[in-house]
Amino acid sequence: MAFLEISGLRKRFGAVDILKGIDLELEKGGFLVLVGPSGCGKSTLLNTIAGLETITSGDIRIDGRAVNGLHPSKRDIAMVFQSYALYPNMTVAGNIAFGMEMRGVPPQERKQAIDKVAKVLQIGHLLDRKPSQLSGGQRQRVAMGRALVRDPKLFLFDEPLSNLDAKLRVDMRIEIKRLHQATGKTIVYVTHDQIEAMTLATKIAVMKDGIVQQFGTPAEIYNNPANIFVADFMGSPAMNLVKASVENGAGGLAVSLERPNAAPLRLPVTTTGNGLSSYAGRQVIFGIRPEALTDPDGADRNARSLTEGDCLIEVVEPAGSDTFAVTKLGGKEVVARLRADAGIAPGQNTRLAFNLDKAVFFDPETQARIS
């Protein structure tokens with residue numbers, strides 16, 4: 001039995017449907033990330049789990065118990081907000097202990113709980129400080145400590161890192177990952193940042209317009225996107241998505257990509273079971289990640305279907321450990337990820353290797369994956 005079960009969940013504000021039939025399951029100790037663009041419904045979904053928003057229809061169960069009509073205080077959850085929501089007149093220790101004090105927890109027990117979470121979060125040296133004396137990352141740790149001392153069944157995080165600068169976000173991602181590994185708690189986490197989703201989650205729900213577009217592990221979402229939206233949203237740089245013509249001739253199945261001032265690039269498709277043969281003579285959307293399009297020496301030698309072709313390089317972007325090269329295929333700019341020492345220059349025709357094991361194809365009208 002799943003620890004968190006959401007079935008047929010709908011939420012309507014007036015005549016507007018915000019959540020349109022959400023079905024999700026999360027195992028005990030799992031880390032579910034709700035990801036999607038602003039306005040997709042992810043925070044509303046989190047608030048329905050917390051009990052901060054009522055639901056129009058459907059069911060929410062936590063540890064086998066229906067919580068649809070329960071007050072937030074009765075759901076055995078703890079929430080960490082984007083704004084930290086710390087009391088400015090209290091010390092760190094006071095902020096962490098406040099909820100326990102309200103519930104009548106004895107002072108000695110409160111101190112033990114504070115010391116325990118302070119050790120886990122490495123904030124023991126901050127306990128006598130006020131929030132105004134803390135950095136953003138330290139305040140976020142205190143907010144997590146206040147949630148941890150409650151020892152709830154379920155943690156809810158609402159974009160907790162969005163107020164932090166880039167380096168602090170990376171540091172705090174590591175802290176949250178470490179916290180999850182150390183406590184084994186079940187977590188639901190909202191973000192619009194797909195890198196946070198990929199690095200933190202055991203399961204990801206990609207949302208758009210109040211609908212879950214795909215639900216699965218980070219590897220499933222990244223390698224096998226269900227539609228063009230998921231393929232484009234997840235990954236940095238994003239997946240290359242270009243128009244291609246499907247051919248089924250004497251040489252077998254292939255896709256043809258237009259090139260500027262050159263003959264089309266023909267890529268044989270040897271992978272079976274992809275349903276592509278029914279699109280012969282038609283156009284599809286060809287998707288390939290930048291790391292699957294690289295210089296021949298840097299290509300995956302274990303790839304079963306590796307094809308090379310000449311491409312005119314328009315822009316070169318050195319990025320330390322990698323070099324990104326921009327070319328044009330199918331009428332669109334395409335990004336290739338090369339070795340740092342690939343030695344390419346703008347304006348030259350360069351041989352690139354296409355790892356077609358990693359290629360995916362989409363129907364241009366429905367935008368669904370061709371399988």
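Positions are given from 1 along the sequence.
With Thr56 contributing its side chain and Arg12 its backbone, the two residues share a donor-acceptor pair below 3.5 Å. Checked by atom type and distance alone, the side chain of Lys332 never pairs as donor or acceptor with a backbone atom of Asn240 at under 3.5 Å. Counting only distance, with no hydrogens or angles, the side chain of Thr327 and the backbone of Leu312 share a donor-acceptor pair below 3.5 Å. Side chain of Lys20 to main chain of Asp209: a donor-acceptor pair is present (N/O by atom type, distance under 3.5 Å, no hydrogens or angles). At distances below 3.5 Å, at least one donor-acceptor pair connects side-chain atoms of Arg75 with backbone N or O atoms of Val67. Between the Thr294 side chain and the Arg337 main chain, a donor and an acceptor come within less than 3.5 Å of each other. When atom types are taken as modelled, the side chain of Thr217 and the backbone of Lys203 share no donor-acceptor pair closer than 3.5 angstrom. With Gln283 contributing its side chain and Pro364 its backbone, the two residues share no donor-acceptor pair below 3.5 Å. Between the side chain of Arg259 and the backbone N or O of Ala263 there is at least one donor-acceptor pair closer than 3.5 Å. Formation of a donor-acceptor pair under 3.5 Å by the His180 side chain with backbone atoms of Lys185 is found in this model.
Under a hydrophobic clustering in which Ile, Leu, Val, Met, Phe, Trp and Tyr are joined whenever their side-chain heavy atoms come within less than 4.5 Å, directly or via other members, Val188 and Leu19 fall into the same cluster. Linking Ile, Leu, Val, Met, Phe, Trp and Tyr residues whenever their side-chain heavy atoms come within less than 4.5 Å places Ile344 and Leu293 in a single cluster. Leu356 is not connected to Leu306 by any chain of hydrophobic side-chain contacts under 4.5 Å among Ile, Leu, Val, Met, Phe, Trp and Tyr, and they are in different clusters. Under a hydrophobic-cluster definition in which Ile, Leu, Val, Met, Phe, Trp and Tyr are linked whenever side-chain heavy atoms come within less than 4.5 Å, directly or via other members, Val190 and Met198 are assigned to different clusters. In the hydrophobic clustering of this structure, Leu24 groups with Ile77; members are Ile, Leu, Val, Met, Phe, Trp, Tyr whose side-chain heavy atoms approach within less than 4.5 Å, directly or through other members.
A salt bridge links Arg339 with Asp341; the closest basic N to acidic carboxylate O contact falls under 4.0 Å. Here Lys111 pairs with Asp115 in a salt bridge; the nearest charged N to carboxylate O distance falls below 4.0 Å. Using a 4.0 Å cut-off between charged side-chain N and carboxylate O, Glu308 and Arg351 make a salt bridge.
Ring geometry, Phe286 versus Phe361: the interplanar angle falls from 30° to 60°, so the pair is classed tilted. Note: Phe229 and Phe233 have parallel aromatic rings, judged against thresholds of 30 and 60 degrees for the angle between ring planes.
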* Asked: Where do Val92 and Gln138 land on the side-chain contact (heavy atoms from CB on, under 4.5 Å) test, with the steps shown first?
  -> CA-CA 10 Å; Val92 167; Gln138 289 170 336; over 6 Å; no

* Taking it one step at a time, do Asn248 and Tyr279 satisfy side chain to side chain donor-acceptor pair (under 3.5 Å)? -> CA-CA 9 Å; Asn248 197 0; Tyr279 284 78; over 6 Å; no

* **Candidate pair Phe215 and Val212, rule side-chain contact (heavy atoms from CB on, under 4.5 Å), full reasoning** => CA-CA 7 Å; Phe215 177 60; Val212 174; 4.1 Å; yes

* Is there a side-chain contact (heavy atoms from CB on, under 4.5 Å) between Gln122 and Arg178 once you walk through the steps? -> CA-CA 11 Å; Gln122 301 176 39; Arg178 183 180 288 124; 4.1 Å; yes

* Show your reasoning for whether side-chain contact (heavy atoms from CB on, under 4.5 Å) applies to Phe354 and Leu329. => CA-CA 13 Å; Phe354 293 73; Leu329 292 170; 3.9 Å; yes

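The two residues Met90 and Lys130 come nearest to each other via the heavy atoms O-CD, 3.3 Å. Taking all atoms of both residues into account, the shortest heavy-atom contact from Ala231 to Phe362 is CB-CZ, 3.7 Å. Here the closest non-hydrogen pair linking Pro346 and Glu314 is CB-O, 3.6 Å.
Residues Gln213 and Asn227 have side chains that bring a donor and an acceptor to within less than 3.5 angstrom of each other. There is a side-chain donor-acceptor pair under 3.5 Å between Asp158 and Ser43. Side-chain contact check for Tyr189 and Glu196: at least one donor-acceptor pair (N or O, by modelled atom type) lies under 3.5 Å.
Counting heavy atoms from C-beta on, the side chains of Tyr222 and Gln194 never come closer than 4.5 Å. Taking 4.5 Å as the limit, some side-chain heavy atom of Leu126 sits within range of a side-chain heavy atom of Leu134. Proximity of Asp76 to Ile62: side-chain heavy atoms (C-beta onward) are nowhere separated by under 4.5 Å. Here the side chains of Ile96 and Thr91 are not in contact, with every heavy-atom distance at 4.5 Å or above.
Note that CD1 of Ile60 and CG of Leu4 are 8.0 Å apart. Values are rounded to the nearest 0.5 Å. Here the OG atom belonging to Ser7 is positioned 6.5 Å from the CG atom belonging to Asp23, to the nearest 0.5 angstrom. Remark: Met239 CE to Ile285 CD1 distance equals 12.5 Å, nearest 0.5 Å. How far CD1 of Ile55 is from CZ of Arg10: 12.0 Å, rounded to the nearest 0.5 Å. Atoms CG and OG, on Leu9 and Ser57 in that order, are 7.5 Å from each other to the nearest 0.5 Å. Here the CD atom belonging to Gln133 is positioned 9.5 Å from the CG atom belonging to Asp128, to the nearest 0.5 angstrom.
Here the rule is side-chain hydrogen bond (donor to acceptor under 3.5 Å, both in side chains) with Asp171, and of Arg169, Arg173, Lys167 only Lys167 fits it.
In this structure Gln367 satisfies the side chain to side chain contact (heavy atoms under 4.5 Å, CB included) test together with Ile228, sequence neighbours excluded. Taking Lys116 as the reference, nothing meets the side chain to side chain contact (heavy atoms under 4.5 Å, CB included) condition, with sequence neighbours excluded.
A cation-pi geometry, defined here as NZ or CZ lying under 6.0 Å from the six-membered ring centre and within 45° of its normal, does not hold between Arg61 and Phe3.
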